[in-house]
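A short worksheet on the structure shown next.
Predicted, not measured: the structure shown is a model, and the values here were computed from it.
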Amino acid sequence: MSRVELLSPEGLRVDGRRPEELRKITSTTAVLSQADGSAYLEHGNTKVLAAVYGPREARHRALVLHDRAILNVEFNVAPFSTGERRRRTKNDKRLLEMASFVKQTFEPVVITTLYPRSQIDIYLQIIQHDGGTLQACINAATMALIDAGIAMTDYVCACTAGWVEREPALDLNHIEESSDTSEVTIAMLPKSSKVTLVQMESRLHVDKLEDVLNLAGKGCKHIHQVIDKTIRDRAEELARKMAI
């Protein structure tokens, strides 16, 4: 039994949510004037800033691909984002791992063949960390890429689910993640329901895996509605400004 009661006898989690309930999501785009595309996303108390630059000339000519663009992802965590106050370097193993996950997620989705011999940079900054970091980064990156006008085959929406004590739970917070809870993060294309990323933290019994994946998939579809509304609201705002 864990030291913290993650699920009350009434079926409520530590933050008062039901197992299948998402945290509140707030999002907006075009928050950085110098970037080609940008987005800010709050997923509960987790806060992420994403910026996209490009397509632009590649910094290292040796990496240039003649038939498509290359994706570069840089991931950083603000020293004040957690209670640890620990400064991470760019070569931190965990940061490189997270950047790799994001890159793998978007490589099949971004239509890089439209931008040969160029580079697209995605910068992700965790401002506040309260669980679900990877899902928040992927969702923020999706909005930033769309804001930059980068062609993609579909939205990419990510969500985490895990097994909390006796049942599957959606969108784990930091306390739940820190309690040796088995968790899975998936990134999905909403239109086709194709999965572009499955990333698991700790072991999960195979009998429980299907329930956890199905719950994460439902979370992805709900997050898609939130992101899509943000994008459409921004497009309508731009259309009104152009009409004036």
Heavy atoms, side chains only, cut-off 4.5 Å: are E177 and E201 in contact? no
Is the backbone N or O of R94 less than 3.5 Å from a side-chain atom of E97, with the two atoms forming a donor-acceptor pair by type? no
Please evaluate residues T185 and C159 with respect to the criterion side-chain contact (heavy atoms from CB on, under 4.5 Å), reporting the C-alpha separation (whole Å), side-chain torsions for both, the decisive distance (0.1 Å), and the verdict. CA-CA 6 Å; T185 300; C159 191; over 6 Å; no
Rounding to 0.5 Å, atoms OG (S100) and CD (Q199) come to a distance of 10.5 Å
Interatomic distance, L65 atom CG to R117 atom CZ [nearest 0.5 angstrom]: 10.0 Å
Shortest non-hydrogen contact from D154 toward S192: OD2-N, 4.1 Å
R232 atom CZ: more than 12 heavy-atom contacts under 6.0 Å: no
Decide salt bridge (Lys or Arg N to Asp or Glu O under 4.0 Å) for R59 and D121; before the verdict, give the C-alpha distance in whole Å, the side-chain angles of both, and the deciding distance to 0.1 Å. CA-CA 10 Å; R59 284 177 290 180; D121 294 305; 3.6 Å; yes
Grouping I, L, V, M, F, W and Y whenever their side-chain heavy atoms are under 4.5 Å apart, do I138 and V226 come out in a common cluster? yes
For Y123 and Q125: C-alpha separation, side-chain torsions, deciding distance, then whether side chain to side chain donor-acceptor pair (under 3.5 Å) applies. CA-CA 7 Å; Y123 296 96; Q125 176 79 42; over 6 Å; no
Audit row: R240, E237, salt bridge (Lys or Arg N to Asp or Glu O under 4.0 Å) steps and yes/no: CA-CA 5 Å; R240 285 195 300 269; E237 181 186 345; 5.5 Å; no
What are the two closest heavy atoms between I126 and C137, and how far apart are they? CD1-SG, 3.5 Å
With respect to H43, which candidate in D171, T160, T26, N173 satisfies the side-chain hydrogen bond (donor to acceptor under 3.5 Å, both in side chains) definition? D171
Take atom CZ in R203; do more than 12 heavy atoms of anything else shown fall under 6.0 Å from it? no
Give the C-alpha distance, both sets of side-chain angles, the deciding distance and a yes or no for side-chain contact (heavy atoms from CB on, under 4.5 Å) between F106 and L71. CA-CA 8 Å; F106 284 98; L71 283 183; 4.0 Å; yes
Can you confirm whether S38 sits close enough to L49 that some side-chain heavy atom of one is under 4.5 Å from a side-chain heavy atom of the other? no
Using atom types as modelled and distance alone, determine if a side-chain donor or acceptor of T46 lies under 3.5 Å from a backbone N or O of G131. yes
Shortest non-hydrogen pair, T105 vs F101, comes out as OG1-O, 2.7 Å
Could you go through Y155 and M188, starting from their C-alpha distance and side-chain angles, then the distance that decides it, and tell me whether this counts as side-chain contact (heavy atoms from CB on, under 4.5 Å)? CA-CA 8 Å; Y155 284 76; M188 177 185 287; over 6 Å; no
Between CD on residue E167 and CD on residue E20, distance to nearest 0.5 Å: 8.0 Å
Hydrophobic cluster identity match, L145 and Y53, side-chain contacts under 4.5 Å: no
Decide whether M200 and M98 are clustered together by the hydrophobic rule: side chain heavy atoms of Ile, Leu, Val, Met, Phe, Trp, Tyr closer than 4.5 Å, transitively. no
Side chains of T196 and L189, heavy atoms from C-beta outward: is any pair under 4.5 Å? yes
Between I70 and T112, is there a side-chain heavy-atom distance shorter than 4.5 Å? no
A35 to A51 - nearest heavy-atom pair and separation: CB-CB, 4.1 Å
Do R18 and L170 make a side-chain contact, defined as non-hydrogen atoms from C-beta onward lying under 4.5 Å apart? no
Check: Y115 side chain, R56 main-chain N or O, donor-acceptor pair, under 3.5 Å: no
Exercise: identify the closest heavy-atom pair between M143 and T28: CE-O, 4.5 Å
Is it the case that the side chain of N214 and the backbone of E210 share a donor-acceptor pair, with hydrogens and angles ignored and the cut-off at 3.5 Å? yes
Hey, are the side chains of P19 and V164 touching, using non-hydrogen atoms and a 4.5 Å cut-off? no
To the closest 0.5 Å, what do you measure between CG (L172) and CZ (R23)? 8.0 Å
Just wondering, do L22 and H222 contact through their side chains at under 4.5 Å, heavy atoms? yes
CD (E165) and OG (S8) are apart, to the nearest 0.5 Å, by 9.5 Å
Without swapping roles, check the side chain of T142 against the backbone of V156 for a donor-acceptor pair under 3.5 Å. yes
Same cluster or not: V195 versus M152, using hydrophobic residues (I, L, V, M, F, W, Y) connected whenever any side-chain heavy atoms lie under 4.5 Å apart? no
Cut-off 3.5 Å, side chains only: do T181 and E183 have a donor facing an acceptor? no
Using 0.5 Å steps for rounding, measure from the CG atom of D211 to the CG atom of L215. 8.5 Å
pair L124-V73: side-chain heavy atoms closer than 4.5 Å: yes
For the pair S179 (side chain) and I175 (backbone), establish whether a donor and an acceptor sit closer than 3.5 Å, ignoring hydrogens and angles. yes
Report yes or no: does Q128 contribute a side-chain atom to a donor-acceptor pair with the main-chain N or O of N45 at less than 3.5 Å? yes
Sub-3.5 Å donor-acceptor pair from the side chain of R17 to the main-chain atoms of E21, do we have one? yes
Has N139 got a side-chain atom pairing as donor or acceptor with Q135's backbone, closer than 3.5 angstrom? yes
Do you know which two heavy atoms are closest between A50 and A141, and how far apart they sit? CB-N, 4.1 Å
With clusters defined by side-chain heavy atoms of hydrophobic residues (ILVMFWY) lying less than 4.5 Å apart, directly or transitively, does I186 cluster with V109? no
Run the numbers on I146 and T29 for side-chain contact (heavy atoms from CB on, under 4.5 Å), then give the verdict. CA-CA 9 Å; I146 294 172; T29 58; over 6 Å; no
